[in-house]
Amino acid sequence: MGNYLYNRLRSLHVYIPIPEDGFYLFPDFSRYRVRLMVQGIHNSGDLCDKLLNDTGVALLPSFDFGRPSRELTARLSYVDFDGANALKVSKTDYTDKPLDQKFIQRCCPNMAEVKDRNEMWLKNGGSK
């Protein structure tokens, strides 16, 4: 899931550290700063509030983690899926192949939808 979200965000030119462990990513939306400022987004709190109001997607502002509030960074957790089912499917249908887009759609549909909403929101300049 981390790699899937990482690759989708990178395709949008969002800077993001490569996921290694854990259950969250820390994307930096600074590339979109000018377009987001037009929508009244000037810091990570504004970013998270507007994204939640426009898409229903919740991220945590970076200032909650000690980052300067002016940054357009946020914490994106990816835990909204049935882990038991995902493990079962990975051990049965994916024993001899890597997890792919079909696996994400099948086992983690909410996370795929979140990414779709985020992507559309960014492409629309931070608006619905």
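The figures that follow rest on heavy atoms only: side chains count, while hydrogens, waters and symmetry mates do not.
- A donor-acceptor contact closer than 3.5 angstrom links the side chains of Asp100 and Tyr94.
- Using modelled atom types, one side-chain atom of Arg35 and one backbone atom of Lys123 make a donor-acceptor pair closer than 3.5 Å.
- Contact check for Met37 versus Ile41: no side-chain heavy atoms found under the 4.5 Å cut-off.
- Residues Arg33 and Leu36 fail the side-chain proximity criterion, which asks for heavy atoms closer than 4.5 Å.
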inquiry  = Using side chain to side chain contact (heavy atoms under 4.5 Å, CB included), reason through Leu9 and Leu76 one step at a time and then give a plain yes or no.
reply    = CA-CA 11 Å; Leu9 285 164; Leu76 168 64; 4.2 Å; yes
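- No cation-pi contact links Arg75 to Phe26, judged by a cut-off of 6.0 Å to the six-membered ring centre and 45° from its axis.
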Without placing hydrogens or testing angles, list every side-chain donor-acceptor pair under 3.5 Å for residues 10-20, not counting sequence neighbours.
{"from": "Arg10", "atom 1": "NH1", "to": "Val14", "atom 2": "O", "distance (Å)": "3.3"}
{"from": "Ser11", "atom 1": "OG", "to": "Arg8", "atom 2": "O", "distance (Å)": "2.6"}

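- Of all non-hydrogen atoms in Asp46 and Asn43, the two that sit nearest each other are N-OD1, 2.8 Å.
- When every heavy atom of Lys50 is checked against every heavy atom of Ser127, the shortest pair comes out as NZ-CA, 4.4 Å.
- In this structure, the side chain of Thr92 engages the main chain of Lys88 through a donor-acceptor pair within 3.5 Å.
- Atom CG of Leu72 and atom OG of Ser30 lie 5.0 Å apart (nearest 0.5 Å).
- For Ser90 against Phe103, the heavy-atom pair with the smallest separation is N-CE1, 4.1 Å.
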Which pairs would a plain distance check flag for residues 60-70, meaning a side-chain donor or acceptor within less than 3.5 Å of a matching protein atom at least two apart in sequence or in another chain?
{"from": "Ser62", "atom 1": "OG", "to": "Ser44", "atom 2": "OG", "distance (Å)": "3.3"}
{"from": "Ser62", "atom 1": "OG", "to": "Thr73", "atom 2": "O", "distance (Å)": "3.2"}
{"from": "Ser62", "atom 1": "OG", "to": "Thr73", "atom 2": "OG1", "distance (Å)": "2.8"}
{"from": "Arg67", "atom 1": "NE", "to": "Glu71", "atom 2": "OE1", "distance (Å)": "3.2"}
{"from": "Arg67", "atom 1": "NE", "to": "Glu71", "atom 2": "OE2", "distance (Å)": "3.3"}
{"from": "Arg67", "atom 1": "NH2", "to": "Glu71", "atom 2": "OE2", "distance (Å)": "2.5"}

inquiry  = Checking Leu25 against Tyr78 for the side chain to side chain contact (heavy atoms under 4.5 Å, CB included) test, could you report, in this order, the C-alpha distance in whole Å, the side-chain angles of both residues, the deciding distance, and whether it holds?
reply    = CA-CA 8 Å; Leu25 300 172; Tyr78 48 90; 3.8 Å; yes
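- Hydrophobic clustering of Ile, Leu, Val, Met, Phe, Trp and Tyr side chains at less than 4.5 Å, counting indirect connections, keeps Met1 apart from Tyr24.
- Rounding to the nearest 0.5 Å places NZ of Lys115 at 10.0 Å from CE of Met120.
- Side-chain contact between Tyr4 and Met111 is absent, with no heavy atoms from C-beta onward closer than 4.5 Å.
- Inter-residue side-chain proximity for Val89 and Arg106 is flagged as met; some heavy-atom pair is nearer than 4.5 Å.
- Between Tyr32 and Gln39, the closest side-chain pair of non-hydrogen atoms is not below 4.5 Å.
- Between Gln105 and Pro109, the closest heavy-atom pair is O-CB, 3.6 Å.
- Under a 3.5 Å cut-off, the side chain of Thr55 and the backbone N or O of Val57 do form a donor-acceptor pair.
- Val114 is listed as a side-chain neighbour of Asn118, based on a closest heavy-atom distance under 4.5 Å.
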